[in-house]
Amino acid sequence: MQGAGKLLLCHTDGENRGLMDLIRDSGMHVAESICPAPMTRVTFAEYYRHWSPRLTLYGGIPSTVVLAETSEADFEAYLDGFFRAVAPGNRLVVGVADEVPPNAIFSRLQRIGERIAREGALPLKAGAARTLETLPAARAPAAAQAAGAADDAFAQVRQDVFKGRHVDIRAHVQELLDRGTRAADILEHGLIAAISVVGNRMAAGEAFIPEVLLAARAMTAAVKMLEPHLAASGEQQRGKVLVGTVRGDMHDIGKNLVVTMLRGVGFEVRDLGVSVARERFCEEVAAFAPDVLGLSALLTTTMVEMGEIIKALEANGLRDRCRVIVGGAPVSEQFAAKIGADGYGANAVEAVRLAKRLVAEGAGARH
Ligand code: B12
């Protein structure tokens with residue numbers, strides 16, 4: 001394999017006490033998802049001593065140490081032992097097992113990042129890690145430039161998103177609202193501009209899940225404040241919409257915006273949340289009898305589930321009971337047509353326009 005320019009990875013999550021020599025001698029190049037003591041019996045120091053001459057190690061922080069069940073003192077002690085074991089540092093990519101916030105404590109993930117930046121030698125040389133707010137695109141996102149000067153009125157809320165300041169952002173959004181700034185502009189030039197930069201950085205391998213989660217949390221806090229302003233309420237009941245993010249997909253910021261805007265113009269909306277199974281969509285279509293079913297997906301791997309949901313509706317004799325609309329970053333008009341959806345909306349405003357048109361055309365039933 002090495003001759004063919006390929007690398008072999010071995011998924012080593014779990015108990016490896018009886019496998020230490022076998023894995024070391026197996027010819028694998030990388031041992032990934034290493035979950036050491038206290039969750040399993042082998043300590044990280046032992047893994048490192050035993051494997052690092054031949055394997056690159058990936059992992060090392062068991063999920064329990066980032067959870068509240070481990071005290072701050074024990075967490076720090078774990079990190080001290082961890083960094084002592086790997087100094088001077090070689091053939092190691094630090095990874096945290098399984099847990100993400102909110103269960104994993106944010107400040108601990110940040111602390112791990114700080115210590116790697118300070119003490120880690122490889123793969124990032126100490127001090128070489130770049131945080132979101134220091135990246136060039138974070139300082140001058142394209143959408144912000146389009147909106148005016150580089151340091152425009154929305155620069156502060158963008159910085160809040162980059163830095164994950166979910167408390168400060170509320171005061172800054174309020175200041176903008178008090179100055180008479182339109183909520184839709186704060187959303188577009190502040191929040192969406194910032195989260196798009198975060199997405200691009202994520203794609204380029206320069207932003208990682210903890211940072212994206214922090215950014216998403218700040219964005220969600222701000223969107224909640226904007227919701228009453230975005231939703232022009234008071235209109236009469238327009239119809240019923242059932243909404244959800246498809247199975248395997250946890251993204252909900254965009255879906256929540258769609259829900260807010262639909263409610264704002266008078267739709268009765270039932271929001272099923274994230275990672276919704278196709279069976280659940282079928283049950284709810286039967287029970288809630290929506291005029292429109294809105295499906296959201298943000299991953300290329302989960303967008304295919306939208307087609308499966310439409311097939312499941314057909315198989316259960318429910319397809320003619322409602323119109324199906326789809327949306328989310330990877331979804332397109334062509335994809336919607338291919339899977340037999342009734343419409344595609346690129347953003348929350350289009351979602352509302354689409355739902356209004358479909359309800360006006362057919363009040364739910366397709367034929
Ligand atoms: C925030 C974020 C996260 C957060 C989500 C937090 C949350 N509560 O939603 C977290 C950190 C959890 C996350 C996790 C992951 N993410 Co992510 N994430 C993003 C990010 C940066 C922003 C998404 C967002 O909120 N955008 C802002 C909102 C307002 O826009 P929107 O979602 O597109 O919604 C609008 C429209 O699409 C439309 N719309 C949305 N839904 C619907 C529904 C209907 C019916 C209609 C009509 C319209 C509509 O209207 C909305 C409002 O205008 C994107 C990058 C990006 N630019 O999209 C990556 C991104 C989607 N994530 C990505 C990846 C890879 C992941 C992970 C797999 C990473 C990992 N290795 O674990 C995981 C997957 C977890 C899972 N199982 O779902 C990739 C997907 C790549 C791909 N081709 O599939 C992206 C594109 C980043 C990238 N460039 O690499 N992510």
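Given the structure is predicted, the values throughout are model-derived calculations rather than measurements. In each ligand, atom 1 is the first atom listed, and ligand 1 is the first ligand listed.
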Main-chain N/O of Ser275 paired to Asp249 side chain as donor or acceptor, under 3.5 Å: no

Whether Tyr47 and Phe44 hold their rings parallel, tilted or perpendicular, with breakpoints at 30° and 60°: tilted

Crowding at OH, Tyr58 (>12 non-hydrogen neighbours, <6.0 Å): no

Leu19 backbone acceptor or donor facing Asn16 side chain under 3.5 Å: no

Check: Glu15 side chain, Arg17 main-chain N or O, donor-acceptor pair, under 3.5 Å: yes

Neighbouring protein residues of ligand 1 - any heavy atom closer than 4.0 Å: Ile195, Gly199, Met202, Ala203, Ile209, Val212, Leu213, Ala216, Gly248, Asp249, Met250, His251, Asp252, Ile253, Gly254, Leu257, Val258, Gly294, Leu295, Ser296, Leu298, Leu299, Thr300, Ile325, Val326, Gly327, Gly328, Ala329, Gly345, Ala346, Asn347, Ala348, Ala351

Residue pairs fulfilling salt bridge (charged side-chain N to carboxylate O under 4.0 Å, His left out) with at least one residue in residues 59-75, sequence neighbours excluded: Glu72-Arg108

